[in-house]
Amino acid sequence: MILGLALIPAALMLPSVESEACTNVLVTKGASADGSCMVSYAADSHQLYGELYYRPAADWKKGEMLKIYEWDTGKYLGEIPQVRHTFQTVGNMNEHQLIIAETTYGGRPELFDSTGIMDYGSLIYVALQRAKTAREAIEVIVDLANTYGYYSSGESFSIADKDEVWVMDLIGKGMKMKNGRNVNKGIVWVARRVPDGYICAHANQARISTFPLDDPENCMYAPDVISFAREKGWYDGPDEDFSFCDTYNPLNFGGMRGCEARAWSAFNILCDGRFVFEDESGNLVERSAYDYIGYAMGYDKTKRFPLFVKPSKKITMKDVADVMRDHFEGTPMDMTQDIGAGGNALPYRWRPMDFEYGGKTYTNERAIATQQTGFWFVGQSRGWLPDVVGGIIWFGTDDAATSWLSPVYTSITEVPECFAEDNGSMLEYSATSAFWVCNRVANACYRMYNVMAPEVRAKADAFETAQMEAVREVDRKALDVLASGTAGAEAEVRDILTGYSVETAQKMFRDWTELEIFLLLKYIDGNVKGQNPDGSFITNGYDDGIPGVISNPGYTGKWKESVAREHGKVIEVVD
């Protein structure tokens, strides 16, 4: 059983609904339409700038050191020995098609180690430079954290390669100082392989509960993950009943409603409302997604939904991308349906997320798609292709619901300017940055969301669908060059893939820049100008600069009802 929770203030121990949060969806090759392993990630933060990190492969001299800076803040933490060779990384993928993403869950605050050197971001990007497979990445992460100390709070990692997909929950061990050093240095952790044909999702709440103790092919864990909890007085039951998440990241309302609800929603969409999974006895079970709605909404801790489920169909990259655009549409948490959405069904709520009224505390929803996304992606590890062709990261910036994903091969030699590092910052506007143009489009849509956002979404959908077809043709060209066996074939392939990746992203950037101007022209001041079938604006027939058709979409029925109820006596029209 879990012990000692009352000793820690809940506000410190558990994630709140208003936490800066990320979301991951994990897809095994047996669950995907093309046989790729996929991981999606929205890097959500009010301070993170959207850019595509790029590090070419490199050789290093013996004895060289690697400086470690905290990813979230830029704070210098220390240095570690560099390895002799590092792999190329493009964003959260490397040249061997390894993908690593994360969500932060916090967990017990007394397990933070201020003496550690490796923060969670550094674990990701250093592991990508040093590992070829998911299992190797887990080993590297554990070794780095245990050797140099773990500086962050609790994390869930998504780790995928060409064949396997793993979910890993970890947390530090706190500080126990002796002779000026921390003898508790390191992490407790557990990693589970997602069964082939299944999917997983996590969103700022540790999700691994009980786990097999004698199945190393499918589950790995720290040797002291249970004994450490016993020493702390947090658990005293049998080993086989030990639950990592309940011990190191116990649930509260915020953990369910603000975090688990997003994982539930991803499953609900990809499973068409029916969760198919294996129970503890290995039997295949089918349940309605709504059997778990009380848990997702924060009311019933006993209704935890499964860690792994079967999707209702084979999943494409586009399916995963569209899940990342979710606002709980069609569920009780649909953010467009209450008066908080204003008169134009805006599925966002500005911070703070919680508010008090009449002596009670209320919360706004935290959906998968959110306004404060730095960057987001869907990574594909395509094992049937050679590494130089197989790895592809569909990369985008800002709010997923009003931005696009552009395909970038992980063997590129150049990053598109619109995604490049140091092209602007959160405090420096850049007219050539995708992050800033996507923010301009998104913020334009926020004022008339139900009218403007569908037009933006249609453009993103058309682009992504077209590029899924284009990628097949680019793959074919690259494979033909490799098959030629000529000297320099691989370098030629890299040129082809770089050219496609850069040109495609830059063209869409230009299109999005023009889109923002178009939105201003069409929707200025709450009016909507009419268009001809060819897209040109309808004029009045006398002057080409004067619109001939203007409509006013008005407000939603919910808005009208609320205004009439609250203010109707003042604004009612009478004869």
Side-chain angles (χ1 to χ4, degrees), residues 14-25 40 42 44 103 105 199 201-205 207 251-275 287-306 309 312 319-320 322-357 360-373 376 399-402 446 449-450 453-454 457 556-559 561-562:
L14 301 165
S16 69
V17 175
E18 58 183 301
S19 64
E20 294 184 353
C22 306
T23 307
N24 290 183
V25 176
S40 69
D44 300 332
T103 71
Y105 64 78
I199 62 175
H202 55 89
N204 306 105
Q205 180 72 32
R207 297 216 57 226
L251 285 167
N252 69 352
F253 176 84
M256 291 181 282
R257 186 63 167 265
C259 304
E260 291 280 74
R262 283 176 278 142
W264 174 87
S265 191
F267 280 1
N268 182 43
I269 295 168
L270 295 173
C271 299
D272 198 23
R274 306 296 300 179
F275 291 0
R287 295 279 188 272
S288 168
Y290 279 80
D291 287 349
Y292 306 96
I293 192 65
Y295 176 85
M297 296 185 73
Y299 304 140
D300 188 350
K301 294 181 182 180
T302 68
K303 295 289 187 179
R304 189 193 302 271
F305 56 92
V309 295
S312 58
D319 293 327
V320 180
D322 290 345
V323 165
M324 302 303 290
R325 295 175 162 120
D326 178 57
H327 303 113
F328 294 123
E329 286 89 349
T331 77
M333 297 171 281
D334 191 333
M335 298 175 72
T336 67
Q337 297 302 305
D338 66 275
I339 191 57
N344 290 108
L346 179 67
Y348 296 103
R349 306 295 182 267
W350 313 137
R351 285 1 183 206
M353 295 299 289
D354 295 348
F355 63 93
E356 294 184 6
Y357 182 79
K360 295 182 178 180
T361 301
Y362 300 88
T363 188
N364 290 308
E365 307 296 352
R366 170 42 170 112
I368 296 174
T370 185
Q371 70 273 15
Q372 78 273 6
T373 300
W376 65 296
D399 183 347
T402 48
Y446 294 158
Y449 200 84
N450 59 338
R457 173 66 182 274
T556 63
K558 175 63 69 175
W559 183 90
E561 175 190 354
S562 298

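Residues that satisfy the side-chain hydrogen bond (donor to acceptor under 3.5 Å, both in side chains) test with Ser40, not counting sequence neighbours, are absent from this structure. Under the rule for a side chain to side chain contact (heavy atoms under 4.5 Å, CB included), the partners of Ala345 that lie at least two apart in sequence or sit in another chain are Thr336, Asn450, Thr556. Under the side-chain hydrogen bond (donor to acceptor under 3.5 Å, both in side chains) criterion, Asn268 pairs with no residue, sequence neighbours left out. Here Asp322 pairs with Lys318, Arg325, Arg457 under the side-chain hydrogen bond (donor to acceptor under 3.5 Å, both in side chains) rule; sequence neighbours left out. Partners of Thr361 under the side-chain hydrogen bond (donor to acceptor under 3.5 Å, both in side chains) rule, at least two apart in sequence or in another chain, do not exist in this structure.
For Thr103 and Asn24, the side-chain atoms include no donor-acceptor pair closer than 3.5 Å. There is a side-chain donor-acceptor pair under 3.5 Å between Tyr295 and Glu260. Between the side chains of Arg366 and Asn204, not a single donor N or O lies within less than 3.5 Å of an accepting N or O. Side chains of Tyr105 and Arg207: a donor-acceptor N/O pair is absent below 3.5 angstrom, by distance only.
A 4.5 Å side-chain heavy-atom check between Pro332 and Met297 finds at least one atom pair inside the cut-off. Inter-residue side-chain proximity for Met256 and Lys301 is flagged as met; some heavy-atom pair is nearer than 4.5 Å. Trp264 is listed as a side-chain neighbour of Tyr290, based on a closest heavy-atom distance under 4.5 Å. Side-chain atoms of Asp300 and Ile293, non-hydrogen and from C-beta on, never get closer than 4.5 Å to each other. No side-chain heavy atom of Asp291 sits less than 4.5 Å from a side-chain heavy atom of Lys303. For the pair Asp399/Thr373, no side-chain contact is recorded, criterion being any heavy-atom separation below 4.5 Å from C-beta on. Contact of the Gln337 side chain with the Lys558 side chain is not registered, since no non-hydrogen atoms from C-beta on lie closer than 4.5 Å.
The two atoms that bring Tyr449 and Pro454 nearest to each other are O-CD, 3.4 Å, heavy atoms only. In this structure, Cys22 and Ala42 approach most closely via the heavy-atom pair CB-O, 3.1 Å. Nearest heavy atom pair, residue Met353 against residue Glu365, reads CE-O, 2.8 Å. When all heavy atoms of Gly340 and Asp338 are compared, the pair lying nearest together is N-OD2, 2.7 Å. Contact between Ile199 and Cys271 at its shortest, heavy atoms only, is CD1-SG, 4.3 Å. Closest approach of Ala401 to Tyr348, counting heavy atoms only: CB-OH, 3.6 Å.
Taking the six-membered ring where the residue is Trp, Tyr362 and Phe355 present parallel rings, their angle staying beneath 30° rather than reaching 60°. Using a 30° and 60° split on the angle between ring planes, Tyr299 and Phe253 fall in the tilted class, from 30° to 60°.
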Point to revise | Check against side chain to side chain contact (heavy atoms under 4.5 Å, CB included), Tyr292 and Arg304 | key: CA-CA 7 Å; Tyr292 306 96; Arg304 189 193 302 271; over 6 Å; no
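Note that OG1 of Thr370 and NE2 of His327 are 8.0 Å apart. Values are rounded to the nearest 0.5 Å. Separation of atoms CZ (Arg274) and OG (Ser312) is listed at 11.5 Å; rounding is to 0.5 Å.
Side-chain atoms of Asn344 do not come within 3.5 Å of backbone N or O of Leu346 as any donor-acceptor pair. Remark: the backbone N or O of Gly298 is not paired with any side-chain donor or acceptor of Arg257 at under 3.5 angstrom. In this structure, Arg349 contributes its side chain and Thr363 its backbone to no donor-acceptor pair below 3.5 Å. Using modelled atom types, one side-chain atom of Thr331 and one backbone atom of Phe328 make a donor-acceptor pair closer than 3.5 Å.
Listed by first and then second residue, the salt bridge (charged side-chain N to carboxylate O under 4.0 Å, His left out) pairs involving residues 326-336 amount to none (not counting sequence neighbours).
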